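Down below is the structure, laid out as structure tokens.
Owing to the predicted nature of the structure, the values given are computational and were not obtained by experimental measurement. A, B, ... follow the sequence lines: proteins, then strands. Residue 1 opens every chain. Only heavy atoms go into these numbers, but all of them, side chains included; no hydrogens, no water, no symmetry mates.
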Amino acid sequence: DAGVIQSPRHEVTEMGQEVTLRCKPISGHNSLFWYRQTMMRGLELLIYFNNNVPIDDSGMPEDRFSAKMPNASFSTLKIQPSEPRDSAVYFCASTEARREQYFGPGTRLTVT
Amino acid sequence: GESVGLHLPTLSVQEGDNSIINCAYSNSASDYFIWYKQESGKGPQFIIDIRSNMDKRQGQRVTVLLNKTVKHLSLQIAATQPGDSAVYFCAENEGRGSARQLTFGSGTQLTVLP
């Protein structure tokens, strides 16, 4: 199994631009999570999906952030417009019925 | 002004010695706990988990101990190797219904000295 796949691995963009991060969960996993990791705040849960349905988005910082999961094998996290304070590493993780989550390699986002 | 980041606890051990990494959790209703290892530039990697009906679980070179009375979790690594150098996170889950959120601790930086 290839594990959780994320793209791009690195993204550098200018303030005000739209950013789209992509995730392919492990095949057969029915829950998908988006996290953000910064030195200031550590690892924070942004949103999670169960069977493609958003269950809890209370961690999404503000309306500039949105996430979708159109099918079981693909999810996106979009930031529009991006701001320098959005600079962080964004992780996607997936799990099946058991509760251990498997993380992707992350996308390092830099907003200048 | 300058921003201040999280001050990660650090642990330095000699190669070959045993390591013990500690974690205090806050939610007495949590019934599932996980340890993750995160190497530089990579995502967190699952190491071992334990449910609240157990107080000890062993894996390959790792042991997790759970003390529910004082809400304390520890990870023991036997014969620590250079490849064990990483940040280690504990995480807890309350497990209500279908909820699968994990709440992560701030992490401990383990450095293995040659």
Side-chain angles (χ1 to χ4, degrees), chain A residues 1-7 9-10 21 23-26 29-60 84-85 87-108, chain B residues 1-10 23 25-27 29-54 57 59 62 64 73 75 86-109:
Chain A
D1 196 318
V4 175
I5 299 172
Q6 291 186 247
S7 65
R9 293 295 313 276
H10 302 273
L21 311 181
C23 175
K24 177 178 168 55
I26 293 172
H29 284 192
N30 61 354
S31 294
L32 182 142
F33 304 78
W34 282 101
Y35 291 89
R36 177 172 68 176
Q37 187 175 43
T38 61
M39 285 300 296
M40 287 287 289
R41 301 173 67 90
L43 196 61
E44 304 174 276
L45 176 66
L46 300 177
I47 185 171
Y48 90 93
F49 296 83
N50 194 30
N51 294 320
N52 312 339
V53 176
I55 302 300
D56 184 353
D57 65 354
S58 59
M60 296 285 262
R85 61 193 168 119
S87 297
V89 181
Y90 291 81
F91 289 105
C92 175
S94 71
T95 187
E96 50 178 342
R98 301 181 65 182
R99 286 182 276 182
E100 73 267 25
Q101 296 175 19
Y102 294 89
F103 284 75
T107 295
R108 181 172 294 277
Chain B
E2 214 170 280
S3 52
V4 178
L6 287 175
H7 183 67
L8 286 184
T10 59
C23 177
Y25 64 93
S26 55
N27 187 352
S30 291
D31 66 351
Y32 178 74
F33 306 87
I34 301 181
W35 280 100
Y36 282 91
K37 171 187 179 183
Q38 187 176 22
E39 296 175 90
S40 181
K42 297 184 178 180
Q45 177 187 5
F46 171 80
I47 302 174
I48 191 168
D49 59 2
I50 188 168
R51 298 184 187 278
S52 60
N53 60 352
M54 303 171 69
R57 189 163 187 227
V62 295
V64 55
L73 195 66
L75 178 71
V87 177
Y88 288 80
F89 293 95
C90 66
E92 59 183 302
N93 172 247
E94 192 176 325
R96 288 176 298 160
S98 64
R100 295 186 175 89
Q101 297 101 315
L102 292 174
T103 302
F104 284 82
S106 58
T108 296
Q109 174 72 59

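At a threshold of 4.5 Å between non-hydrogen side-chain atoms, the residues B:L102 and A:Y48 do not count as touching. The shortest side-chain heavy-atom distance between A:F103 and B:K42 does not fall under the 4.5 Å cut-off.
When heavy atoms are compared at a cutoff of 4.5 Å, B:Q38 approaches chain A solely by way of its side chain, counted from C-beta outward. Interface remark: A:R9 contributes side-chain atoms only to the contact with chain B (heavy atom separation under 4.5 Å). With a threshold of 4.5 angstrom between heavy atoms, A:Q37 approaches chain B through side-chain atoms but not through N, CA, C or O.
With respect to chain A, the highest number of heavy-atom pairs below 4.5 Å among B:G43, B:G107, B:G41, B:P44 belongs to B:P44.
The line from CG of B:N93 to CD of A:E100 is 11.5 Å long, rounded to the nearest 0.5 Å.
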